[in-house]
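All of these numbers come straight from a predicted model, not from anything done at the bench.
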Amino acid sequence: MEIARIGDTRDRLGENPLWDARSDRLFWLDGLEGVVHALDTATGERRDHRVPAPVGSMALAEDGAFILALADGFHHHDPATGATALLAPLPGANPALRLNDGKVDRQGRFLAGTMQLHWQEGEPVQGGMFRLDGARAVPLAGDFATFNGPCFSPDGATLYAADSTRRVIWAFDYDAATGTPANRRVFAEPGTAPDGATVDAEGHVWTALVRAGEVARLDPAGRLVRRIPMPVRHPTSVAFGGPGLETLYVTSISRSVRLADDSAGAGGLFAIRGLGVRGLEERRCALPG
């Protein structure tokens with residue numbers, strides 16, 4: 001196994017690595033600065049796109065547009081013109097909430113959940129998970145203080161989603177026909193905050209342990225089977241990409257709202273090779289009309 005830094009980016013809040021098999025490029029975010037990086041991993045050529053900040057997560061649309069989870073809802077961003085337009089506002093316009101992490105399901109639907117700003121222990125939890133459905137953000141589940149790490153089992157029948165504040169990863173039965181989760185239960189409690197996540201071809205969940213400086217692999221029963229120390233203090237999210245989907249890409253923090261790392265590699269993008277497993281191809285977001 002080998003861990004290598006890719007390029008020289010130093011993101012404040014690196015997030016949402018996303019491999020696009022159609023273009024053979026890796027996308028990821030600096031969520032606080034409002035930057036979408038697009039990297040050709042074969043040539044090293046990188047293009048940066050400015051988007052509104054803060055941005056919690058993104059998906060690629062079928063036409064190559066960016067679908068952004070911004071503070072107030074889901075937005076469409078045209079990388080060619082730089083124009084951003086609201087697709088679906090969060091219901092209720094609650095100033096304590098903003099959209100955070102998200103993922104496209106196996107059918108092309110974009111799901112994202114909220115972060116509850118300035119939440120304190122003992123306060124009511126107001127956050128939840130939503131699905132982009134045309135011009136609506138449809139509520140799917142509540143009781144998330146800091147929603148992170150949504151990902152799907154290989155057959156798409158199980159949805160995993162973490163609450164980083166509560167240090168728990170939940171599992172849901174997922175109805176692929178309707179895009180509806182049910183039967184919420186605890187999948188794993190790793191003892192530290194789980195952040196961004198993905199699922200490999202064997203059905204194991206990989207999650208960034210943002211406060212432990214590690215990446216973890218959990219088997220389909222939720223048992224911890226591997227921990228990989230990272231060369232930075234705060235890894236944030238993971239995604240498989242590259243030839244054969246055999247490289248695990250990891251984003252990290254240099255200075256977010258709550259966390260900071262002054263080491264040389266902080267905020268960088270990292271590639272873990274030689275894991276002996278491969279990932280699954282991610283869908284683009286299918287928008288109506």
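By the neighbour-count criterion of 12 heavy atoms within 6.0 Å, atom CZ of Arg211 is sparsely surrounded, having that number or fewer from other residues, nucleotides or ligands. Residue-environment remark: CZ (Arg10) exceeds the threshold of 12 foreign heavy atoms within 6.0 Å. Few gaps surround CZ on Arg184; more than 12 heavy atoms of other groups in view lie less than 6.0 Å from it. Within a 6.0 Å radius of CZ in Arg258, other residues, nucleotides and ligands contribute 12 heavy atoms or fewer. Annotation for Asp8: atom CG does not count as buried by contact number, only 12 or fewer foreign heavy atoms lying within 6.0 Å.
With sequence neighbours left out, Asp63 forms a side chain to side chain contact (heavy atoms under 4.5 Å, CB included) with Ala61, Ala65, His76. Every salt bridge (charged side-chain N to carboxylate O under 4.0 Å, His left out) that Arg109 has, sequence neighbours left out, goes to Asp105. Remark: Arg255 engages Ala260, Asp262 in a side chain to side chain contact (heavy atoms under 4.5 Å, CB included) (not counting sequence neighbours).
Ring geometry for Phe74 versus Phe110: interplanar angle over 60°, hence perpendicular rather than tilted (30 to 60°). Ring geometry, His37 versus Trp28: the interplanar angle falls from 30° to 60°, so the pair is classed tilted.
Side-chain atoms of Asp163 come within 3.5 Å of backbone N or O of Ala145 as a donor-acceptor pair. A side-chain donor-acceptor contact under 3.5 Å links Ser254 to the backbone of Asp11. Side chain of Lys103 to backbone of Cys151: no donor-acceptor contact under 3.5 angstrom is found. Counting only distance, with no hydrogens or angles, the side chain of Thr247 and the backbone of Ile272 share no donor-acceptor pair below 3.5 Å. No side-chain donor-acceptor contact under 3.5 Å links Asn183 to the backbone of Phe172. Ser57 contributes a side-chain N or O that, together with a main-chain N or O of Gly102, makes up a donor-acceptor pair within less than 3.5 Å. Between the Asn100 side chain and the Met115 main chain, no donor and acceptor come within less than 3.5 Å of each other. The backbone N or O of Gly203 lies less than 3.5 Å from no partner atom in the side chain of Ser153, so there is not a single donor-acceptor pair.
For the pair Met58/Ile67, no side-chain contact is recorded, criterion being any heavy-atom separation below 4.5 Å from C-beta on. Looking at heavy atoms from C-beta onward, Trp19 lies in side-chain contact with Asp24 at the 4.5 angstrom threshold. For the pair Leu60/Leu18, a side-chain contact is recorded, criterion being any heavy-atom separation below 4.5 Å from C-beta on. Two residues are said to be in side-chain contact when any heavy atoms from C-beta on lie closer than 4.5 Å; His204 and Pro220 meet this criterion. Two residues are said to be in side-chain contact when any heavy atoms from C-beta on lie closer than 4.5 Å; Thr146 and Asn148 meet this criterion. Considering only heavy atoms from C-beta on, Val215 comes within 4.5 Å of Met230 through its side chain. Residues Val238 and Tyr249 are not in side-chain contact: their nearest non-hydrogen atoms beyond the backbone lie 4.5 Å or more apart. Proximity of Leu275 to Ile228: side-chain heavy atoms (C-beta onward) are separated by under 4.5 Å at one or more points.
Using a 4.0 Å cut-off between charged nitrogen and carboxylate oxygen, Arg217 and Glu202 count as a salt-bridge pair. In this structure, Arg283 does not pair ionically with Asp20, as no charged nitrogen and carboxylate oxygen lie closer than 4.0 Å. Looking at Arg46 and Asp48, a side-chain N of the basic residue comes within less than 4.0 Å of a carboxylate O on the acidic one, giving a salt bridge. Comment: Arg22 does not engage Glu282 in a salt bridge, judged by the lack of any side-chain N to carboxylate O separation of less than 4.0 angstrom. Comment: Arg166 engages Asp143 in a salt bridge, judged by a side-chain N to carboxylate O separation of less than 4.0 angstrom. A salt bridge links Glu214 with Arg227: the distance from a Lys NZ or Arg NE/NH1/NH2 to an Asp or Glu carboxylate oxygen falls below 4.0 Å. Residues Glu33 and Arg12 are paired through a salt bridge, judged by an N-O separation under 4.0 Å between the basic side chain and the carboxylate.
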**Asked** Can Tyr174 and Phe152 be said to form a ring-ring contact (aromatic ring centres under 6.0 Å, His included), step by step?
**Response** CA-CA 9 Å; Tyr174 191 72; Phe152 295 87; 5.0 Å; yes
**Verdict with supporting geometry, Thr84 and His77, side chain to side chain donor-acceptor pair (under 3.5 Å)** = CA-CA 4 Å; Thr84 303; His77 179 86; 2.7 Å; yes
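Within the model, atoms CG of Leu70 and NE2 of His75 stand 4.5 Å from one another, a figure rounded to the nearest 0.5 Å.
In the hydrophobic clustering of this structure, Val257 groups with Ile253; members are Ile, Leu, Val, Met, Phe, Trp, Tyr whose side-chain heavy atoms approach within less than 4.5 Å, directly or through other members.
Between the side chains of Trp206 and Asp200, at least one donor N or O lies within less than 3.5 Å of an accepting N or O.
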Kindly list each side-chain donor-acceptor pair under 3.5 angstrom involving residues 125-139, sequence neighbours excluded, with atom names and distances?
| residue | atom | partner | partner atom | Å |
| --- | --- | --- | --- | --- |
| Gln126 | OE1 | Asn94 | ND2 | 2.6 |
| Arg131 | NH1 | Thr178 | O | 3.4 |
| Arg131 | NH1 | Gly179 | O | 2.7 |

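The side chain to side chain donor-acceptor pair (under 3.5 Å) pairs that include a residue from residues 230-243 are Thr236-Thr251, where partners are two or more places apart or lie in different chains. Legend: ring pair (Phe, Tyr, Trp, His ring centres under 6.0 Å) pairs involving residues 177-203, not counting sequence neighbours, sorted by first then second residue: Tyr160-Phe187.
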